[in-house]
Amino acid sequence: MVEESDDTVCGPGLPVCDLKQWKPPAGPSVTRARSGSELTGERGAKLNVVPSLGRPTSLTTSVTPEAEQSVAYKDFIYFTVFEGNVRNVSEVSVEYLCSQPCVVSLEAVVSSEFRSSIPVYKKRWKNEKYLHTSRTQIVHVKFPSIMVYRDDYFIRHSISVSAVILRAWITHKYSGGDLNVKWEENLLHAVAKNYTLLKTVPPFERPFKDHQVCLEWNMDYIWNLRANKIPQCPLETDVVTLLGFLYASSGENTGIVKKFPRFHNRELEATRRQRIDYPVFTVSLWLYLLHYCKANLCGILYFVDSNEMYSTPSVFLTEEGHLHIQMHLVKGEDLAVKTKFTMPLKEWVRLDISFSGGQIVVTTSIGQDLKSYHNQTISFREDFYYNDTAGYFILGGSRYVAGIEGFFGPLKYYRLHTLHPEQIVNPFLEKQLAEQLQLYYERCAEVQEIVSVYTATVPQGGGRQEACKCWGGLPLNKSNLRPAHFSFPTLKTHLWPRNPNESVLEIGGRIFEKAVKRLSSVDGLHQISSVVPFLMDSSCCGYHKASYYLAVFYETGLNVPRDQLQGMLYSLVGGQGSERLSSMNLGYKHYQGVDNYPLDWELSYAYYSNIATKTPLDQHTLQGDQAYVETIRLKDDETLKVQTKEDGDVFMWLKHEATRGNAAAQQRLAQMLFWGQQGVAKNPEAAIEWYAKGALETEDPALIYDYAIVLFKGQGVKKNRRLALELMKKAASKGLHQAVNGLGWYYHKFKKNYAKAAKYWLKAEEMGNPDASYNLGVLYLDGIFPGIPERNQTLAGEYFHKAAQGGHIEGTLWCSLYYITGNLETFPRDPEKAVMASTVAEKNGYLGHVIRKALMPTGGLHWYVGPTLE
């Protein structure tokens with residue numbers, strides 16, 4: 001009877017390429033085993049099944065003469081590896097003795113730093129005839145190519161193994177041993193076991209495999225260029241620069257959003273996970289505060305978890321100037337503490353906060369030389385919960401809290417270290433800009449004081465002071481003899497106070513008007529250098545349209561020496577003052593990374609979102625210098641021809657047709673007047689007259705709907721909900737999807753009947769109405785969708801995305817928020833996509849007003865500095 005052999009090729013399981021970075025242990029190449037000895041692999045590693053290659057063999061040596069039957073024999077097995085290194089095919093000599101019919105099993109198991117005991121070769125055979133005699137079998141163990149060869153064009157990811165164990169065992173046929181028994185069960189019934197270790201070869205000491213394939217010359221050349229390059233893991237550290245450039249925080253509900261990924265380095269990631277209930281980290285940031293908070297708290301740096309709740313750490317500023325530091329506890333509660341000291345105003349200060357378990361150390365240092373200001377240590381017995389990857393960080397404001405009024409400087413975050421302030425490396429890279437910013441506010445404080453004293457001293461009504469010696473309208477005394485850049489003739493000659501309660505900001509606005517009037521003259525280009533001091537004064541008074549003008553002049557060098565530093569200064573000052581065009585300028589520069597502004601999409605998002613969130617509100621505000629934003633290319637003559645004015649040919653023709661009862665002309669004329677489109681100034685009252693005329697005299701559903709909306713909202717007309725509802729139903733009955741959506745809005749807003757609202761919105765959504773998609777998203781977000789009692793942010797996000805694709809402003813803002821935070825699985829974090837908020841910001845009515853003025857077809861020169869048009 002011959003021996004039966006079974007070579008097993010392991011089935012699909014864990015991929016061998018998961019084996020990485022193994023270190024080979026030293027071990028013998030030949031080992032003799034005792035009967036019944038236990039073998040579990042190195043460090044008790046468990047068995048797994050993975051794909052491998054097996055090679056059958058039937059090479060058996062001659063039979064040893066049969067021993068006398070009276071001698072008692074024990075089963076044994078041992079083997080010899082002819083070459084101690086792992087090769088593609090390693091030859092192994094297995095010597096064994098079976099006292100009963102048996103099954104001999106041989107297995108090759110590999111281990112790495114990350115995985116252990118992965119079988120890559122299996123073979124077993126029967127021995128039922130030659131009992132009580134020593135047998136020898138030659139086995140050719142074949143290992144996967146990725147374990148024995150270097151990377152090449154075909155083997156792209158060779159692996160490093162730390163240990164290769166060859167193990168063999170004998171099981172008796174009538175005691176659980178059979179070819180059909182699973183390997184794990186077979187091993188449990190072994191009567192003799194043995195193992196040996198093979199020496200592994202590091203990946204870059206292995207030979208190349210001869211694939212017996214010819215490559216095209218170009219592919220062969222490309223491969224040879226990188227064949228001997230040794231890949232290195234990228235350096236990973238726990239130090240993160242959250243902000244490297246200045247950020248102007250306007251004190252509103254927008255800020256910079258940052259998110260930490262998990263560490264790629266396993267040791268760093270393991271350390272981070274271990275410290276979830278024992279936080280050890282340090283935050284270092286520069287701040288320049290202009291004012292304390294107007295509300296109870298305003299945001300500095302805080303963490304928002306995946307449930308949209310504040311977590312550790314959360315640092316706020318109070319209305320008195322103290323720091324409010326909030327932590328989330330392991331037991332689920334929140335704990336907050338307030339510092340004893342207050343933060344200084346109008347000085348650059350570095351704030352360092354270190355957490356070490358339950359101890360918090362807060363240090364503030366003043367100026368570039370880091371003079372110590374305050375230091376406070378706070379200790380707690382509670383365990384803080386800290387998981388810096390389960391959410392996102394916010395610098396400044398958000399939809400939850402307003403930000404500080406001032407500027408953020410560089411921010412360093414040490415995720416796994418507690419450092420003393422002297423050990424922290426957080427230099428101010430933009431030192432000159434920071435110094436200029438401080439000088440600006442020092443000068444402006446003097447200017448504002450002078451203006452305040454001036455308005456309180458000079459008699460009202462434009463009279464002149466003849467009796468006293470005055471310099472710039474102020475009585476001369478020692479307190480006035482301080483350096484100042486204020487253009488005193490402006491006050492003395494032109495800006496006598498109109499009333500005793502006139503504010504510094506109003507004075508700044510009047511100075512700006514005088515400057516723009518001079519620029520609008522025939523030789524306005526030659527007046528720029530003489531107007532700059534007036535604009536500086538206006539900026540110091542808080543009128544930041546002037547700041548934006550100065551930024552453009554200095555950045556472009558328009559009839560003034562080009563000064564990039566001053567351009568940045570006034571851009572930041574305007575952005576901090578919530579000047580829309582300044583914020584647009586900063587958002588664009590950081591998005592493109594031009595003019596020495598660093599490329600930073602999160603920073604760009606912070607500026608763009610500031611304007612974008614105001615755009616829907618601005619559009620529904622009838623007051624102010626606003627106009628509808630339209631896409632206009634200066635090379636498109638046809639588009640430019642339809643730009644008109646109230647006395648232009650296009651407008652007059654539309655008015656003529658509207659008077660004759662042309663519904664389309666009435667609607668277009670009303671829209672132009674209501675929104676300020678095509679160069680026409682806003683005139684809501686006249687627009688509503690045309691809406692009413694068209695709705696009541698024609699059967700046009702669009703005019704009926706538009707008039708119903710203004711009656712609902714009372715925009716320029718007295719509210720009339722009854723008539724508005726009647727008109728809305730009439731327009732909906734004519735199949736206008738906007739009106740169907742409007743009925744849903746009515747039942748949601750006025751009747752709180754969410755079931756009816758959802759019914760109309762679902763119908764309008766099917767008709768392709770983006771407003772309805774957005775409204776359905778709101779129902780899911782608020783958890784009031786009929787039949788679904790809980791919030792469903794995933795469905796809300798899907799409806800918001802559909803609304804955004806239809807051009808819906810609020811839907812776009814929600815999608816932008818989801819992309820920047822990455823807190824929703826269906827919206828993976830993508831800061832570049834988040835800057836879609838810029839498309840909403842560009843629709844702001846104040847920007848439209850500037851464009852309309854710039855395109856006004858008149859013979860004179862009009863100075864409205866705005867963004868570049870295509």
Side-chain angles (χ1 to χ4, degrees), residues 7-27 29 41-43 45-57 81-92 106-123 139-168 183 195-216 219-234 264-266:
D7 276 306
T8 303
V9 178
C10 302
L14 298 175
V16 177
C17 58
D18 284 346
L19 312 175
K20 299 177 182 177
Q21 308 300 325
W22 296 348
K23 298 179 181 178
S29 60
E42 188 175 353
R43 298 186 183 179
K46 298 179 180 179
L47 295 172
N48 290 303
V49 178
V50 298
S52 79
L53 298 174
R55 182 176 179 178
T57 179
V81 181
F82 294 103
E83 290 191 24
N85 293 344
V86 174
R87 298 169 59 87
N88 185 231
V89 179
S90 296
E91 190 171 293
V92 180
L106 178 68
E107 183 178 49
V109 177
V110 300
S111 297
S112 75
E113 178 184 354
F114 309 118
R115 307 292 296 275
S116 62
S117 299
I118 302 176
V120 295
Y121 178 87
K122 292 180 179 182
K123 174 182 174 63
V139 180
H140 293 89
V141 180
K142 185 171 182 180
F143 291 99
S145 296
I146 58 175
M147 288 178 55
V148 293
Y149 293 113
R150 288 186 61 171
D151 280 359
D152 59 20
Y153 189 78
F154 298 98
I155 303 173
R156 293 304 180 96
H157 301 288
S158 62
I159 58 175
S160 177
V161 294
S162 61
V164 178
I165 302 173
L166 277 179
R167 58 186 181 185
W183 283 81
Y195 77 95
T196 188
L197 299 177
L198 297 183
K199 185 179 179 181
T200 61
V201 181
F204 284 91
E205 294 180 14
R206 300 172 186 167
F208 286 104
K209 184 176 182 179
D210 183 5
H211 294 281
Q212 302 294 322
V213 175
C214 291
L215 295 175
E216 294 181 5
M219 303 306 296
D220 187 57
Y221 176 75
I222 292 172
W223 168 250
N224 288 329
L225 290 177
R226 58 179 290 264
N228 294 315
K229 291 184 178 179
I230 300 177
Q232 294 181 346
C233 296
H264 295 290
N265 184 290
R266 285 176 173 262

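Here, residue 1 is the first one in the sequence, and each next residue gets the next number.
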Trainee: Any non-hydrogen side-chain atom of F154 less than 4.5 Å from a side-chain atom of V213?
Mentor: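 SC-SC contact between F154 and V213 confirmed.
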
Trainee: Determine whether V141 and L106 make a side-chain contact, defined as any pair of heavy atoms from C-beta on separated by less than 4.5 Å.
Mentor: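 In contact.
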
Trainee: Kindly compute the distance separating NZ (K142) from CG (N88), expressed to the nearest 0.5 Å.
Mentor: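 One gets 5.5 Å once the value is rounded to the nearest 0.5 Å.
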
Trainee: For a 4.5 angstrom cut-off between non-hydrogen side-chain atoms, does I155 reach H211?
Mentor: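 The answer is yes, as the side chains (C-beta and beyond) meet within the 4.5 Å cut-off.
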
Trainee: What are the two closest non-hydrogen atoms of V81 and E83, and how far apart are they?
Mentor: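 Of all heavy-atom pairs spanning V81 and E83, the closest is CG1-O, 2.8 Å.
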
Trainee: Measure the spacing between CZ of R87 and CG of N85 and express it to the nearest 0.5 Å.
Mentor: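 Reported value, rounded in 0.5 Å steps: 8.0 Å.
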
Trainee: Measuring from atom NZ of K209 to atom CZ of R150, what distance do you get when rounded to the nearest 0.5 angstrom?
Mentor: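 Atom-to-atom, K209:NZ and R150:CZ are 16.0 Å apart.
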
Trainee: What pair of heavy atoms forms the shortest contact from Y149 to F208, and how long is it?
Mentor: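 Shortest heavy-atom separation between Y149 and F208 comes out as CD2-C, 3.9 Å.
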
Trainee: Judged by atom type as modelled, is there a donor-acceptor pair below 3.5 Å linking the side chain of S158 to the main-chain atoms of P203?
Mentor: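 Judged by distance alone, no pair lies under 3.5 Å.
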
Trainee: Who are the side chain to side chain contact (heavy atoms under 4.5 Å, CB included) partners of E91, not counting sequence neighbours?
Mentor: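 Once residues adjacent in sequence are excluded, the partners of E91 under the side chain to side chain contact (heavy atoms under 4.5 Å, CB included) criterion are F82, I138, H140.
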
Trainee: What pairs with R206 under salt bridge (charged side-chain N to carboxylate O under 4.0 Å, His left out), at least two apart in sequence or on another chain?
Mentor: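 In terms of salt bridge (charged side-chain N to carboxylate O under 4.0 Å, His left out), with neighbours along the sequence ignored, R206 is linked to no residue.
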
Trainee: So, do F143 and V161 sit near enough that their side-chain heavy atoms are less than 4.5 Å apart?
Mentor: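 SC-SC contact between F143 and V161 ruled out.
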
